[in-house]
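Notes for the one structure printed next.
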There are 2 protein chains.
Amino acid sequence: MSLRHAVLGLIVELDGASGYDLMKLFEISLANVWTATQSQVYGELAKLTADGLIEVAAEGPRGRKEYRATDAGREELRRWLVEEQPRPARRDGVLLKVFFLGQLEPGRARAYLRDSAALMGERRDGLAALQEEVTWGDDNLSLYGRLTLEYGRRFFEMRKEWAEWAEAELARHAAPPEDADHA
Amino acid sequence: MSLRHAVLGLIVELDGASGYDLMKLFEISLANVWTATQSQVYGELAKLTADGLIEVAAEGPRGRKEYRATDAGREELRRWLVEEQPRPARRDGVLLKVFFLGQLEPGRARAYLRDSAALMGERRDGLAALQEEVTWGDDNLSLYGRLTLEYGRRFFEMRKEWAEWAEAELARHAAPPEDADHA
DNA sequence: AATTGACATGTCAAAACTGGAAGGTCTAGA
DNA sequence: TCTAGACCTTCCAGTTTTGACATGTCAATT
């Protein structure tokens, strides 16, 4: 149940936020960390309220509801942070395709990896640009947000290099093998 | 719907497999690529059969059912491989915690990153050992499986280095800042 | 005055996933 | 002979996620 803590965590750190605020944060700040749809965010907000971990602190102009964490909520966040974590389930659609790339013609398989490398490069550049652009504050959200952004950059960089390596590996297999003492 | 194609893909590549066979492959071969529980595997097998993408080719000794892909199944796998892929949803429980690590005392936050780095190192070593141990055949499953295994190794390596970097970054913030022209 | 677009929430059905429980078969070794 | 362990399948209840649809407010532009 991590969505719960993602929502709770944001409310604690921001010291008050609306569902709409959270949605935007999920789209931007948490994009590479945890995704959530709008219906999930509002649903979780309702559940957290029912469980007494957050409460509506104020109601704004357009039906806006400003949520704030209760003491129980802050406690629950800490509990979760310290808690042992089960092995995360890794699921990766791109990797899954690579696993079955043998069903495609060698040329197509290599093209897939080339495209993938290019895409990863773009994403890496996007995050790198973000890192340069954004002026960071001094608060915790900034500090730890910076760490996760750097993670994203490294992640895409790694993926790009791996895809390039894999493509070369495929090329090596497609080409007639040459002896080491050749050339 | 990637589980569907993971199951279908394995059946195509193995040219026949039982639910039990697939489960083991999900535990070992696909562990870093796509996870599935036993109930998911058997459920998907039933659905794929109903949709005519696979069929029971033979029944073995212990109630074992050997599934094989139909032509429609092989076609569907190819279609999926070539198809455009939507942006994958990235979800990472460890990263999520890092994002909110500001709620913990600095010492605990750093300890979390240190532990994380150590764990990632272990996993990397585990995969590296696997790479050495396993004798690979010449079939497609081996070739592409090798690529994904190497991915896993690089992934954990990257994470380890990142966690170490992040820990150092936190240390830098905790310590009184010194001038560049000091020392 | 009308329109566009950002702001803002609520609800729902369907699909996917989790974490079991339950039951049966065959093989090798004590 | 017994029994532990690998083999093998089926079913299910509960939770999470997806991908909409529906509704309305307010501010600025045309």
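Just so you know, these numbers use all the heavy atoms, side chains as well, and skip hydrogens, waters and symmetry mates. In the text below, chain A, chain B and the rest are named by the order of the sequence lines, each starting its count at 1. Everything numeric here is computed off the predicted structure, so don't read it as measured data.
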Measure the distance from [atom1] on [X] to [atom2] on [N] and round it to the nearest whole Å.
X: A/Leu3; N: C/dT18; atom1: CG; atom2: P; value: 15 Å
X: B/Gln38; N: C/dG23; atom1: CD; atom2: C1'; value: 12 Å
X: B/Tyr20; N: C/dT25; atom1: OH; atom2: C1'; value: 12 Å
X: A/Gln40; N: C/dA15; atom1: CD; atom2: C1'; value: 13 Å
X: A/Arg90; N: C/dT18; atom1: CZ; atom2: P; value: 15 Å

Q: For B/Lys65, check salt bridge (Lys or Arg N to Asp or Glu O under 4.0 Å) against everything at least two apart and list the hits.
A: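 Applying salt bridge (Lys or Arg N to Asp or Glu O under 4.0 Å) to B/Lys65 gives none.
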
Q. Among all residues two or more places apart in sequence or in another chain, which pass the salt bridge (Lys or Arg N to Asp or Glu O under 4.0 Å) test with B/Asp15?
A.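 Checked B/Asp15 against salt bridge (Lys or Arg N to Asp or Glu O under 4.0 Å); zero matches.
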
Q.
With no hydrogens and no angle check, just 3.5 Å: does a side-chain donor-acceptor pair link B/Tyr20 and B/Arg62?
A.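 There is no such pair between these side chains.
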
Q. Without hydrogens or angle criteria, can the side chains of A/Arg91 and B/Thr35 be said to hold a donor-acceptor pair below 3.5 Å?
A.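 A/Arg91 vs B/Thr35: donor-acceptor pair found between side chains.
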
**Q.** Sugar-phosphate only, base, or nothing, as touched by B/Ser39 at under 4.0 Å among non-hydrogen atoms
**A.**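 Base: the residue B/Ser39, judged by heavy atoms under 4.0 Å, touches a nucleobase.
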
Q. Which part of the nucleic acid does B/Arg4 contact within heavy-atom distance under 4.0 Å: base, sugar-phosphate only, or nothing?
A.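 No contact at all - B/Arg4 keeps every heavy atom at 4.0 Å or more from the nucleic acid.
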
Q.
Can you pull out the residues from residues 45-63 of chain B that lie within a 4.0 Å heavy-atom distance of DNA chain C?
A.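 Contacting residues: B/Lys47, B/Pro61, B/Arg62.
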
Contacts under 3.5 angstrom, residues 112-124 of chain B side chains, donor-acceptor by atom type, not counting sequence neighbours:
| unit_1 | atom_1 | unit_2 | atom_2 | d |
| --- | --- | --- | --- | --- |
| B/Arg114 | NH1 | B/Glu167 | OE2 | 3.1 |
| B/Arg124 | NH1 | B/Glu157 | OE1 | 2.6 |

Q: Mind checking side-chain hydrogen bond (donor to acceptor under 3.5 Å, both in side chains) for B/Glu105 and listing every partner two or more places apart, or none if nothing turns up?
A: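 side-chain hydrogen bond (donor to acceptor under 3.5 Å, both in side chains) list for B/Glu105, sorted by chain: A/Arg78, B/Arg108.
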
Q) Heavy-atom distance under 4.5 Å between the side chains of B/Ile54 and B/Thr70, does that happen here? A)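 Counting from C-beta outward, B/Ile54 and B/Thr70 never come under 4.5 Å.
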
Q.
Please give me the minimum heavy-atom distance between A/Glu13 and B/Phe99, naming the atom from each residue.
A.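 Shortest heavy-atom separation between A/Glu13 and B/Phe99 comes out as OE1-O, 4.2 Å.
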
**Q.** Considering all heavy atoms, the nearest B/Phe155-A/Arg90 contact
**A.**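 Reported closest heavy-atom pair: CD2-NH1, 3.6 Å.
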
(Q) Reading DNA chain D from 5' onward, which residue's closest nucleotide shows up sooner: B/Tyr42 or A/Thr35? (A)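 The residue mapped nearer the 5' terminus is B/Tyr42.
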
Q. Nucleotide range of DNA chain D contacted by chain A, 5' to 3', under 4.0 Å to a heavy atom?
A.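 Nucleotide range with atoms under 4.0 Å of chain A: D/dT16 to D/dC26.
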
Q) Ignoring hydrogens and angles, does a donor from either the side chain of B/Thr37 or the base of C/dG20 sit under 3.5 Å from an acceptor on the other? A)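 Answer no: no donor N or O sits under 3.5 Å from an acceptor.
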
